[in-house]
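Remember, predicted model here, so these are calculated numbers, not experimental data.
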Amino acid sequence: FTVHAENTSNSSLSGESGEITVNAGSADHFVINSSQDSIEVGAQRVQNVSLADSYGNGLASENVTFTRIHGSGTFSNGTAAIVSATDAGGEAQATYTASQEMSFVRDSIEVGYNTVKDTIVLPLKTGSVSYYSFDPSGSQSVSAGTGISYTVTARDQYGNAVNNSGSVNLSTPGSGTASFNKSNPLGFNGGSTISFTVSDTVAGSFTVHAENTSNSSLSGES
């Protein structure tokens with residue numbers, strides 16, 4: 001900008017300074033621009049931050065380091081850290097792929113420039129149901145008339161247990177006489193597991209098959 005001086009009685013009498021340029025001050029803080037809502041395990045999200053002085057002016061052409069400090073996610077370079085330069089408005093961004101394990105509960109990313117730091121926290125959420133697992137998982141052997149107790153868990157593509165409102169039909173391939181202690185279908189009712197007992201009075205071998213009542217591609221077998 002410039003400074004203009006003009007006579008109060010005669011506007012033809014005036015003068016003007018040379019152009020004055022105001023530059024951003026020293027880095028003071030980060031502004032987190034990207035969403036910190038929960039992220040699905042294994043999903044990608046662009047992390048976007050602004051490096052600013054104490055007045056909110058963005059600092060251009062500065063290198064900001066993004067470092068994952070909790071979780072197992074990675075950036076687009078395949079590692080836990082990446083450096084990104086700020087643009088003319090002071091923004092820097094990095095593409096992050098979230099952890100695959102719900103056991104981390106959240107992913108945390110530290111953004112840093114010299115001594116200026118901030119943390120992005122991304123709560124993790126499971127993906128949709130991909131298959132059903134059985135516990136016990138291996139082969140079982142019992143006497144005729146003796147029940148076997150199973151727990152079926154709904155899992156996403158990474159093996160995380162998924163709370164859901166779906167239901168499954170149970171069947172016993174290999175046996176026409178095996179029976180369950182509960183009636184089909186069995187619903188998860190907002191949880192991630194269902195439990196039941198199966199038994200047979202006729203000697204032989206069979207498996208227990210669980211199949212989603214709405215989507216036959218979602219299944220599992222003992």
Review point. Given the rule in the side chain to side chain contact (heavy atoms under 4.5 Å, CB included) test, do Phe196 and Thr151 qualify, once you have shown the distances and angles that lead to the verdict?
Key: CA-CA 7 Å; Phe196 59 88; Thr151 296; over 6 Å; no
Review point. Under a 4.5 Å cut-off applied to non-hydrogen side-chain atoms, are Ser167 and Phe188 in contact?
Key: no
Check your understanding: Just wondering, do Leu124 and Val105 contact through their side chains at under 4.5 Å, heavy atoms?
Key -> no
Exercise for review: Write down the atom of Thr119, the atom of Ser108, and the distance for their closest heavy-atom approach.
Suggested key: CG2-CB, 4.2 Å
Check your understanding: Between Pro185 and Val168, is any pair of side-chain heavy atoms under 4.5 Å apart?
Key -> no
Exercise for review: State plainly whether one hydrophobic cluster holds both Val111 and Val83, where clusters connect Ile, Leu, Val, Met, Phe, Trp and Tyr through side-chain heavy atoms under 4.5 angstrom apart.
Suggested key: no
Practice item. Compare all side-chain heavy atoms of Glu19 with those of Phe1 and state whether any distance is below 4.5 angstrom. Key: no
Review point. Is the backbone of Ile69 close enough, under 3.5 Å, to the side chain of Thr67 for a donor and an acceptor to pair up by distance?
Key: no
Point to revise | Ser175 (side chain) donor-acceptor with Ala178 (main chain) under 3.5 angstrom | key: yes
Check your understanding: For Val3, does its backbone N or O pair with a side-chain atom of Ser17 as donor and acceptor, under 3.5 Å?
Key -> yes
Review point. Under 3.5 Å, side chain of Ser50 to main-chain N/O of Glu91, donor-acceptor pair present?
Key: no
Check your understanding: Do you reckon Tyr158 sits in the same ILVMFWY cluster as Val152, going by side-chain contacts under 4.5 Å, direct or chained?
Key -> no
Review point. For Asn164 and Ala154, which heavy atoms make the closest approach, and how far apart are they?
Key: ND2-CB, 3.4 Å
**Study point:** Tyr55 and Asp28: CA distance, side-chain angles, deciding distance, side chain to side chain contact (heavy atoms under 4.5 Å, CB included) verdict
**Key:** CA-CA 9 Å; Tyr55 300 101; Asp28 178 76; over 6 Å; no
Point to revise | Exam field: side chain Thr86 to backbone Leu59, donor-acceptor pair closer than 3.5 Å | key: yes
Study note, to complete from the structure: Residues Val129 and Leu218: closest non-hydrogen pair is O-CD2, 3.4 Å
Point to revise | Within-4.5 Å side-chain heavy-atom neighbours: Asp135 and Tyr150 | key: no
**Study point:** Sidechain-backbone polar pair: Asn114 side chain, Val116 backbone, donor-acceptor under 3.5 Å
**Key:** no
Exercise for review: Considering non-hydrogen atoms only, spot the tightest contact between Ala98 and Glu40 and give its length.
Suggested key: CB-O, 3.8 Å
Exercise for review: Keeping the roles fixed (side chain from Asn160, backbone from Gln100), state whether a donor-acceptor pair exists under 3.5 Å.
Suggested key: yes
Review point. Hey, quick one: are Tyr96 and Val121 part of the same hydrophobic cluster, counting side-chain heavy atoms closer than 4.5 Å, chains of contacts allowed?
Key: no
**Study point:** Residues in side-chain hydrogen bond (donor to acceptor under 3.5 Å, both in side chains) contact with Thr197, at least two apart in sequence or another chain
**Key:** Ser149
**Study point:** Side chain Ser171, main chain Pro173, donor-acceptor under 3.5 Å
**Key:** no
Check your understanding: Would you call Ile32 and Gln47 a side-chain contact if the rule is heavy atoms closer than 4.5 Å?
Key -> no
Review point. CD of Glu62 to CG of Leu51: how many Å apart, nearest 0.5 Å?
Key: 6.5 Å
Review point. Between Ser99 and Glu101, is there a donor-acceptor pair closer than 3.5 Å when you use the side chain of the first and the backbone of the second?
Key: no
Point to revise | Closest non-hydrogen atom pair between Asp53 and Gly25, with its separation | key: OD2-N, 2.8 Å
Point to revise | Distance, nearest 0.5 Å, that separates CD of Glu6 from CD of Glu16 | key: 10.5 Å
Review point. Does Ile109 reach the side chain of Leu122, with side-chain heavy atoms less than 4.5 Å apart?
Key: yes
Review point. How long is the gap from CG on Asn77 to OG on Ser84, to the nearest 0.5 Å?
Key: 11.0 Å
Check your understanding: Rounded to the nearest 0.5 Å, how far does CD of Gln93 lie from CZ of Arg45?
Key -> 14.0 Å
Review point. Between atom OG1 of Thr207 and atom CZ of Phe134, what is the distance when rounded to the nearest 0.5 Å?
Key: 8.0 Å
Check your understanding: Where the side chain of Asp37 meets the backbone of Ser35, is there a donor-acceptor pair that is under 3.5 Å apart?
Key -> no
**Study point:** Verdict with reasoning, His209 to Leu170, per side chain to side chain contact (heavy atoms under 4.5 Å, CB included)
**Key:** CA-CA 6 Å; His209 183 79; Leu170 301 175; over 6 Å; no
**Study point:** Closest non-hydrogen atom pair between Gly71 and Asp107, with its separation
**Key:** CA-OD1, 3.6 Å
Study note, to complete from the structure: Quick note, side-chain hydrogen bond (donor to acceptor under 3.5 Å, both in side chains) partners involving residues 122-132, not counting sequence neighbours, are Tyr132-Asn212
Exercise for review: Using a 4.5 Å cut-off on heavy atoms from C-beta on, say whether the side chain of Val41 contacts that of Asp156.
Suggested key: yes
Check your understanding: Which distance, rounded to the nearest 0.5 Å, do you find between the CD1 of Ile82 and the OG1 of Thr95?
Key -> 7.5 Å
